[in-house]
Amino acid sequence: MILNEDIKHARRMKFLSAAFYAFSSFFIIVVNKSILTHYRFPSYMFLGIGQMAATIVILYVAKMNKVVSFQDFDRSIFKKIFPLPLLYVGNHVTGLGGTKKLSLPMFTVLRKFTILLTMIMESRILRKSFSPSLVCSVLAIVLGALVAASSDLSFNAEGYTFVLLNDFFTAASGVYTKKTLGMEGLGKYGVLFYNALIIIIPTLLASAYTGDLQKALSFDGWLSLTFIFYFLLSCVMGFILMYSIILCSYYNTALTTTVVGAIKNVAVAYVGIFIGGDYVFSWPNFIGLNICVSAGLIYSYITFNSSNSPSSEPIMKPVEEKVVVHITGHTGGLEKT
């Protein structure tokens, strides 16, 4: 009976962590799209720096107040966490760049390639295997993305490049995050904190060198309280999103985390048709979008059903369980991609 309760709890946490990630990812895309498109903020790199800074400050304050705990800094940190910081900043910058350059529906369609890349990386790096039905559903998602992208009336080569690079960084980050979470001493919060801490200074220097920082600081929107609110909202949401990804990867596999992103994209794609103001309708594009959605739902059904066996995921320890529930409730008050 106790074992059954533990299994039910583990499955419940898998679902709740996945739902938390889906909500966070959906909300931050909408917020970032508003900042970069509606307010025409000129620097997606500076927005990423703000999100990194928020992650550092929130986790440092939480550690000082003993709300969370993770390993103190020493030389072993670099060995444990590499190459996550490089993947982290690559994911941030390319994701924000793609959000600015493309309409939301096309952004989410091209993001479907992350699933295929995650499968390839998990099979190569984590030595996982996948059923033929799962592979077929992934290929159907890619086919739908190709159909939609081939008729994109607002084609933007730079935007496409950003999103495809973002697919690679997201897939690699998910796989290596799952691998890093198993290392002793680092934990979920250590991965988040040291990722941001290691990469924020080089990113800030790169922003200053390219003139991106100057453009961001001289932006007229800083005189608007509404813009400042959205900017700070995005910064805090950057932390919440990264935490939700870590949490989802902790309770699930890297592939399941990617699947959750695909499910979330169903909502983003359709909402994006009505907001953002940059979607150009065409039948091939719309049909391709729906192929992606349908194949994504089939893929999700197969994946979640195949991961329901008791032995597929470890049962979480009660102590860790208390920390997760506390922090999730705490960040929920800050909710805002």
Legend entry - Within the 6.0 Å centroid threshold, strictly below: F227 and F219: yes
Legend entry - N65, CG: over 12 other non-hydrogen atoms inside 6.0 angstrom: yes
Legend entry - Shortest non-hydrogen contact from S234 toward L47: OG-CD1, 3.4 Å
Legend entry - Point-to-point distance, once rounded to the nearest 0.5 Å, from CE of M45 to CG of L213: 10.0 Å
Inset, instruction - Indicate yes or no for a side-chain donor-acceptor contact from S207 to the backbone of L204 under 3.5 Å, with no hydrogens or angles considered. - result: no
Legend entry - In one Ile/Leu/Val/Met/Phe/Trp/Tyr side-chain cluster, 4.5 Å: M64, L192: yes
Inset, instruction - Can you see which heavy atom on C248 is nearest to which on A18, and at what distance? - result: SG-CA, 3.8 Å
Inset, instruction - Check whether any side-chain heavy atom of Y194 lies under 4.5 Å from a side-chain heavy atom of Y189, and answer yes or no. - result: no
Inset, instruction - Considering non-hydrogen atoms only, spot the tightest contact between W222 and I228 and give its length. - result: O-CD1, 3.2 Å
Legend entry - Any donor-acceptor N/O pair, S25 side chain to Y21 backbone, under 3.5 Å: no
Inset, instruction - Output the distance between atom CG (L205) and atom CD1 (I201), rounded to the nearest 0.5 Å. - result: 6.5 Å
Legend entry - Closest non-hydrogen atom pair, F41 against A216: CZ-CB, 3.9 Å
Legend entry - Atom pair OG1/CE of T177 and M242 - distance to nearest 0.5 Å: 6.5 Å
Legend entry - Heavy-atom neighbours of F78 CZ exceed 12 at 6.0 Å: no
Legend entry - Candidates F20, F26, F27 - the one meeting ring-ring contact (aromatic ring centres under 6.0 Å, His included) with F23: F27
Legend entry - Atom pair CZ (F113) and CD1 (I141), whose distance is rounded to the nearest 0.5 Å: 10.5 Å
Legend entry - Flag side-chain contact, heavy atom, 4.5 Å: I198 against I81: yes
Legend entry - I120 reachable from L139 in the ILVMFWY side-chain graph, under 4.5 Å edges: yes
Legend entry - Flag side-chain contact, heavy atom, 4.5 Å: M13 against Y250: no
Legend entry - Heavy-atom check, side chain of Y39 versus side chain of S34, under 4.5 Å: yes
Legend entry - Closest non-hydrogen atom pair between S137 and I298, with its separation: CB-CG2, 4.4 Å
Inset, instruction - Evaluate the side-chain proximity of I49 to I200: yes if any heavy-atom separation is below 4.5 Å, no if none is. - result: yes
Legend entry - Whether over 12 other heavy atoms sit under 6.0 Å from Y176 OH: no
Inset, instruction - Would you check if K63 and F70 make a side-chain contact, meaning some heavy-atom pair closer than 4.5 Å? - result: yes
Inset, instruction - Please check if the side chain of N195 supplies one atom and the backbone of V191 the other of a donor-acceptor pair under 3.5 Å. - result: yes
Inset, instruction - Might you point out which heavy atoms bring I35 and Y230 nearest each other, and give the distance in Å? - result: CD1-O, 3.3 Å
Inset, instruction - Indicate if Y209 and L217 have the same hydrophobic cluster label, given that clusters are the connected sets of ILVMFWY residues with side-chain heavy-atom separations under 4.5 angstrom. - result: no
Inset, instruction - Output the distance between atom OG1 (T203) and atom CE (M52), rounded to the nearest 0.5 Å. - result: 4.0 Å
Inset, instruction - Assess the side chains of S76 and Q71: does a donor N or O sit below 3.5 Å from an acceptor N or O? - result: yes
Inset, instruction - Look up atom CD in Q51 and atom CZ in F239, then write down how far apart they are to the nearest 0.5 Å. - result: 12.5 Å
Inset, instruction - State yes or no: do L232 and Y243 share one hydrophobic cluster built from I, L, V, M, F, W and Y residues joined by side-chain heavy-atom distances below 4.5 Å, directly or via other members? - result: yes
Inset, instruction - Consider only side-chain heavy atoms of I, L, V, M, F, W and Y, link residues closer than 4.5 Å, and tell whether V142 and V135 are in one cluster. - result: yes
Legend entry - Non-hydrogen side-chain atoms of S43 and K215 separated by less than 4.5 Å: no
